[in-house]
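I have placed the structure first, in the form of structure tokens, so that the comments after it can refer back to it.
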There are 2 protein chains.
Amino acid sequence: MKTQENQSEERVSNRQVLINATLDAIAEIGLIRTSVSEIIERAGLSRGMIHLHFNGKPNLIVEAARYASEQYYQILHENIQGAESNPARLIEAIVRGDLGPKSLNTRNVSIWYEFRGAARNDAGIAAYSDTRDAGLRDLLRDAAFALAEREGASDPAAIARDMSFGLMALLEGMWTDFMLHPQSFDRQMAERIMFRYLSGTWPNSFDVSGVISP
Amino acid sequence: MKTQENQSEERVSNRQVLINATLDAIAEIGLIRTSVSEIIERAGLSRGMIHLHFNGKPNLIVEAARYASEQYYQILHENIQGAESNPARLIEAIVRGDLGPKSLNTRNVSIWYEFRGAARNDAGIAAYSDTRDAGLRDLLRDAAFALAEREGASDPAAIARDMSFGLMALLEGMWTDFMLHPQSFDRQMAERIMFRYLSGTWPNSFDVSGVISP
DNA sequence: CAGAATAATGGACGATTGTCCATTTTGTGA
DNA sequence: TCACAAAATGGACAATCGTCCATTATTCTG
């Protein structure tokens with residue numbers, strides 16, 4: 001029975017406006033220079049709003065981290081939809097998704113890197129910075145285990161542990177390289193390197209271009 | 001003809017004291033909270049020294065980045081000494097060195113990560129943040145090329161490009177993981193993952209424990 | 001030893017930080 | 001339409017930021 005709340009879908013609360021402005025600022029000028037003045041100017045709102053909605057700047061930063069983490073997860077699960085049943089296809093979907101423009105873009109990578117660094121000295125941010133890893137790692141490990149078993153490895157658990165860890169680390173490195181050189185980064189090359197790695201361990205499931213179709 | 005300059009080897013200029021204090025602060029509390037007050041307190045010097053020796057804080061930060069970069073390089077070259085002639089041994093030395101406690105420790109990793117992030121918005125820092133990569137990448141690419149040729153790959157240049165890029169990215173990822181979980185990080189596991197990757201591409205030169213001795 | 005040059009001090013300075021509240025504006029229900 | 005509640009404003013505030021300079025201490029030179 002709200003009045004004209006939903007006259008339009010794009011009606012967003014000022015709370016969310018502040019979060020978006022904060023993430024924009026972090027992406028563009030970094031956490032160091034993201035001041036209250038900077039945020040409220042980008043948001044087009046008044047100074048007191050941060051205190052009203054978040055009880056101070058630190059809380060706003062944490063909420064922005066939570067939101068960014070949720071966004072990443074949502075895209076991840078969209079990427080892997082339909083591939084969950086086949087471990088090789090699942091890994092392929094994760095890799096391609098994580099290197100695709102919806103995940104790997106200047107804004108996301110900058111935000112991710114800034115929060116990562118801040119997490120070292122901020123428990124509140126650390127909570128939402130770690131979740132990304134945990135969820136992704138579990139997905140990869142389970143898929144790697146299934147794959148190792150299927151290919152008849154002697155110790156599938158060990159392989160799964162090493163490979164999920166290695167894939168995570170390699171993706172990390174790709175993101176870092178993208179952050180440092182966004183204009184020269186080559187997505188195709190990045191994917192090829194990932195699949196070369198995968199085919200080295202599971203030559204029956206992968207080649208340099210991805211999953212081998214039967 | 002200096003007076004009592006070298007009465008003891010550990011006599012260091014206050015310029016260097018400031019750089020060390022800056023790096024300590026960055027490692028422990030991060031770049032955001034590394035203020036002039038914080039630095040001079042750690043250095044045990046007076047407020048004006050930063051302006052006297054560096055003409056302002058920004059310059060001090062850049063000089064600290066340069067020094068950290070030089071330190072990293074020095075350790076790198078110590079690590080690979082004697083292994084330059086054999087490409088497989090050279091890669092092994094780089095990998096083991098980069099994952100060893102002289103390079104990969106809490107202080108170094110924190111500093112490296114902070115400068116990496118700052119480089120995005122600071123050209124002065126970017127210069128010394130990039131050099132590490134450039135030098136390391138060249139070393140790896142040349143070794144990878146020699147190895148690819150020796151193992152008779154069809155396109156050694158392509159292999160060398162992919163592998164040097166992949167090795168860099170994988171090491172990046174290892175460093176990041178160490179930064180996030182320094183207490184649970186497993187150096188042996190990290191090395192094994194690196195060598196598993198290498199043996200996937202060059203099974204005649206590497207196995208999971210390192211270079212294969214003839 | 002005297003004099004000059006250099007190194008070091010520590011506080012003053014304006015600018016900017018984040019917090020918070022008195023006030024005004026907007027929205028809602030009687 | 002009126003009265004009340006909620007949302008939003010924007011400036012005051014103390015604290016801290018980085019800069020810079022007048023002053024003092026130290027070192028080097030002749």
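Chain letters run A, B, ... following the sequence lines, proteins first, then strands; residues in each count from 1.
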How many Å lie between CD1 on B/Ile61 and C1' on D/dG18, as a whole number? 12 Å
Specify the separation, in whole Å, of atom CG of A/Asn59 and atom C1' of C/dG18. 13 Å
Below 4.0 angstrom from OP1 or OP2 of D/dC17, is there any side-chain N or O of B/Ser35? yes
Report the residue (A/His53 or A/Arg47) whose heavy-atom-nearest nucleotide on DNA chain D is the more 5′ of the two. A/His53
Quick one: is B/Asn14 getting a side-chain N or O under 4.0 Å of the C/dA8 phosphate, OP1 or OP2? yes
Under the 3.5 angstrom rule, does the side chain of A/Glu84 hit a backbone N or O of A/Gly82 as a donor-acceptor pair? yes
Among D/dA8, C/dA7, C/dG18, the one nearest B/Leu52 by side-chain distance: C/dA7
Side-chain heavy-atom pair A/Asp186, A/Arg192 within 4.5 angstrom cut-off: no
Does the side chain of B/Ile94 come within less than 4.5 Å of B/Asn79's, by heavy atoms? no
How would you label the contact of B/Gly48 with the nucleic acid (heavy atoms, under 4.0 Å): base, sugar-phosphate, or nothing? base
Using whole Å, what does the distance between atom P of nucleotide C/dA7 and atom CD of B/Gln16 come to? 16 Å
Taking the side chain of B/Pro58 as heavy atoms from C-beta outward, which of C/dA8, D/dT19, C/dT17 is closest to it? D/dT19
Any base atoms under 4.0 Å from B/Ile50, or only sugar-phosphate, or nothing? Heavy atoms, all strands. nothing
Any idea which of D/dT9, C/dG18, D/dC17 is nearest the A/Met49 side chain? D/dT9
If the cut-off is 4.0 Å, is A/Ser46 near the phosphate of D/dG10, judged by side-chain N/O to OP1 or OP2? no
Heavy-atom nearest nucleotide on DNA chain C taken for A/Arg33 and for A/His51; more 5' hit belongs to A/Arg33
Tell me: CG of A/Leu45 to P of D/dG11, nearest whole Å? 15 Å
Does C/dT17 have OP1 or OP2 sitting under 4.0 Å from an N or O in the side chain of A/Ser37? yes
Please test B/Glu38 against B/Arg42 for salt bridge (charged side-chain N to carboxylate O under 4.0 Å, His left out), starting from the C-alpha separation and ending with a verdict. CA-CA 6 Å; B/Glu38 183 70 36; B/Arg42 285 169 183 265; 2.8 Å; yes
B/Lys57 atom NZ is separated from C/dT16 atom P, nearest whole Å, by 15 Å
When rounded to whole Å, the CG to C1' distance for the pair B/Leu18 and C/dA7 reads 12 Å
In whole angstrom, give the distance that lies between atom CD of B/Glu38 and atom P of D/dC17. 9 Å
Write down the distance between CD1 (B/Ile32) and C1' (D/dC17), rounded to a whole number of angstrom. 15 Å
Residue pair A/Leu198 / A/Met163, side-chain heavy-atom distance below 4.5 Å: yes
